[in-house]
There are 2 protein chains.
Amino acid sequence: MSGSLARSDRDDVARARTDGALETLVGYNLKRAYMLFQTDFRETMGDDGLTPRSFSALSLVVERPGITQSDVSRCLGIERSGLVAMIDDLERRGHLRRVPVPGDRRVQALQATPDGCAAYDRMLAEVRAHEARVLATLDADERETLVTLLRKLRTARKDQGE
Amino acid sequence: MSGSLARSDRDDVARARTDGALETLVGYNLKRAYMLFQTDFRETMGDDGLTPRSFSALSLVVERPGITQSDVSRCLGIERSGLVAMIDDLERRGHLRRVPVPGDRRVQALQATPDGCAAYDRMLAEVRAHEARVLATLDADERETLVTLLRKLRTARKDQGE
DNA sequence: TATTGTTATACTCTATAACTATA
DNA sequence: TATAGTTATAGAGTATAACAATA
């Protein structure tokens with residue numbers, strides 16, 4: 001039954017090294033690393049800055065002028081409905097505009113404004129600095145390996161049957 | 001001003017390869033990879049299965065009998081308050097019990113039940129299978145490298161001044 | 001004063017479903 | 001019948017703040 005534990009036993013437990021099954025699981029370590037990035041990203045961008053998600057959307061719009069919301073949602077793997085408020089916000093900030101497309105009146109192409117492009121360039125620099133900060137403990141090779149492995153994980157997935 | 005785009009231009013855009021700044025950012029790739037794991041984890045555990053979080057808590061309790069809620073929250077990097085409902089749930093499932101500690105009446109040590117240990121072993125096997133599935137595109141070396149890099153990212157952080 | 005467990009609360013994120021207008 | 005954009009809504013996840021009991 002062992003209903004209770006002595007104080008010293010608990011202290012031993014607390015001192016145990018962190019080497020359980022959890023540490024061997026990729027998912028767990030992935031989540032912890034992701035949380036690190038998330039937190040620092042938000043601190044970097046400030047209270048009324050872009051979120052990781054809206055930054056990624058803006059990035060897509062800047063780099064692929066004329067992309068539609070549906071395209072963005074597919075590229076980022078998120079729901080179309082979630083994009084509306086985000087694009088509203090980016091438009092309100094003056095970073096982009098919704099532009100009608102002659103050939104298809106259902107669609108509105110997304111076009112970054114000059115100000116939006118400039119703001120994006122500044123933010124991208126900040127984001128790279130933020131990543132350098134969080135990745136400080138890895139050398140250049142390790143960083144590249146990490147990105148490569150993460151991308152491999154994802155891109156290869158699309159091709160599979162599943 | 002270029003108010004609108006022709007259909008064919010948009011199609012070109014849609015066909016563009018996915019090689020923008022986003023793909024070079026660790027944070028973005030980390031998030032996408034994390035989403036992959038999360039989704040598959042939940043599918044693996046089923047509708048009334050443990051969440052990634054409660055599984056990690058149970059793992060800690062099984063491997064460090066007598067650990068307290070505060071210890072768990074510190075190990076996992078989450079708030080104490082968030083643990084209460086989780087531990088309630090694990091207790092309701094019969095996986096663990098709250099056990100009074102003689103030396104300190106504020107504390108309740110967490111003790112996995114025999115059933116809880118058995119259930120954990122089964123779940124851990126399922127989780128490992130789930131990880132093997134999601135990691136199918138990486139070979140053994142790559143998987144180990146990935147875990148190592150993710151852990152290095154995190155563990156080294158603690159030691160820093162910040 | 002500090003810590004453990006707890007409650008209440010609010011906020012963010014995000015998906016689902018349904019609607020409309022077009023195609 | 002399918003797609004783009006939209007709206008409304010609900011649910012999960014999680015943090016914050018406060019409190020009681022104990023140290």
Side-chain angles (χ1 to χ4, degrees), chain A residues 4-5 7 10-11 13-14 31-32 34-35 38-39 41-43 45 47-57 61 66-91 96-110, chain B residues 4-5 7 10-11 13-14 31-32 34-35 38-39 41-43 45 47-57 61 66-91 96-110:
Chain A
S4 62
L5 260 57
R7 178 86 220 185
R10 288 206 315 100
D11 287 346
V13 162
K31 174 163 194 175
R32 295 301 297 264
Y34 165 61
M35 295 305 290
Q38 250 234 128
T39 303
F41 186 102
R42 288 171 195 279
E43 281 171 10
M45 301 301 259
D47 274 344
D48 68 334
L50 299 195
T51 62
R53 235 187 199 206
S54 61
F55 174 78
S56 67
V61 173
I67 193 172
T68 68
Q69 288 183 208
S70 290
D71 287 337
V72 171
S73 80
R74 275 187 289 266
C75 284
L76 298 181
I78 63 186
E79 286 299 317
R80 271 176 306 152
S81 62
L83 269 172
V84 180
M86 266 178 44
I87 300 297
D88 284 349
D89 177 65
L90 291 173
E91 198 167 26
L96 56 76
R97 288 176 307 153
R98 289 172 162 101
V99 179
V101 174
D104 187 339
R105 294 203 311 206
R106 290 173 303 182
V107 183
Q108 288 180 276
L110 301 174
Chain B
S4 63
L5 261 57
R7 179 87 219 183
R10 288 205 315 100
D11 287 346
V13 162
K31 175 163 193 174
R32 296 299 300 261
Y34 165 61
M35 295 306 290
Q38 249 234 124
T39 303
F41 186 102
R42 288 171 195 280
E43 281 172 11
M45 301 302 258
D47 274 344
D48 69 334
L50 299 195
T51 63
R53 235 188 200 206
S54 62
F55 174 78
S56 67
V61 173
I67 194 172
T68 68
Q69 288 183 209
S70 290
D71 287 337
V72 171
S73 78
R74 275 186 289 266
C75 284
L76 298 182
I78 62 184
E79 287 299 315
R80 269 176 308 152
S81 61
L83 269 172
V84 180
M86 266 178 44
I87 301 297
D88 284 350
D89 178 64
L90 291 172
E91 198 167 26
L96 56 77
R97 287 176 308 152
R98 288 170 162 102
V99 179
V101 174
D104 186 340
R105 294 202 311 205
R106 291 173 303 182
V107 183
Q108 288 180 277
L110 301 175

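In what follows, chains carry the letters A, B, and so on, assigned in the order in which the sequence lines appear, proteins first and then strands, with residues in each chain numbered from 1. Everything numeric in this text was worked out from a predicted model, so none of it was measured.
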Atom-pair distance (CD1 on B:Ile87; C1' on C:dT4), nearest Å: 13 Å
Atom-pair distance (CD on B:Glu79; C1' on C:dT6), nearest Å: 13 Å
Evaluation steps, side-chain contact (heavy atoms from CB on, under 4.5 Å), between B:Gln69 and B:Val72: CA-CA 5 Å; B:Gln69 288 183 209; B:Val72 171; 5.5 Å; no
Heavy-atom closest contact (B:Thr51 atom, B:Phe41 atom, distance): C-CE2, 3.6 Å
Nucleotide D:dA15, atom P - distance to CD1 of B:Ile78 in whole Å: 7 Å
Interatomic distance where CG belongs to A:Leu83 and P belongs to D:dA4 [whole Å]: 12 Å
Under-4.0 Å side-chain N/O to phosphate OP1/OP2 contact, B:Gln108 with C:dT6: yes
Polar-atom pairs under 3.5 Å, protein N or O versus N or O of nucleotides 11-13 of chain C: list them with distances, or write none.
| from | atom 1 | to | atom 2 | distance (Å) |
| --- | --- | --- | --- | --- |
| C:dC13 | OP1 | A:Arg42 | NH1 | 2.6 |
| C:dC13 | OP1 | A:Arg42 | NH2 | 3.1 |

Test log, rule side-chain contact (heavy atoms from CB on, under 4.5 Å), inputs B:Asp88 and B:Arg98: CA-CA 9 Å; B:Asp88 284 350; B:Arg98 288 170 162 102; 2.9 Å; yes
By side-chain hydrogen bond (donor to acceptor under 3.5 Å, both in side chains) - contacts of A:Arg80 (at least two apart): none
For atom CG of B:Asp88 and atom C1' of C:dT7, their distance in whole Å: 11 Å
From A:Ile67 atom CD1 to A:Leu96 atom CG, the distance as rounded to the nearest 0.5 Å: 11.5 Å
CZ-CG distance between B:Arg42 and B:Asp47, expressed to the nearest 0.5 angstrom: 11.0 Å
Nearest-Å distance for atom pair CG/C1', residues A:Leu96 and D:dG5: 15 Å
Rounded interatomic separation in angstrom, taking CE from A:Met86 and C1' from D:dT7: 17 Å
Between P of C:dT4 and CG of B:Leu110, the distance in whole Å: 13 Å
Presence of A:Arg74 side-chain N/O under 4.0 Å of D:dA4 phosphate oxygens OP1/OP2: yes
Point-to-point distance, once rounded to the nearest 0.5 Å, from CE of A:Met86 to OG of A:Ser56: 6.0 Å
First of B:Met35 and B:Val84 reached from the 5' end of DNA chain C, by closest nucleotide: B:Val84
From NZ (B:Lys31) to CD (B:Gln38), nearest 0.5 Å: 10.5 Å
Short side-chain to backbone donor-acceptor contact, A:Arg32 and B:Leu76, under 3.5 Å: yes
Return the polar atom pairs (N/O with N/O) between nucleotides 17-23 of chain C and the protein under 3.5 Å, or none.
| from | atom 1 | to | atom 2 | distance (Å) |
| --- | --- | --- | --- | --- |
| C:dA23 | OP1 | A:Arg105 | N | 2.8 |

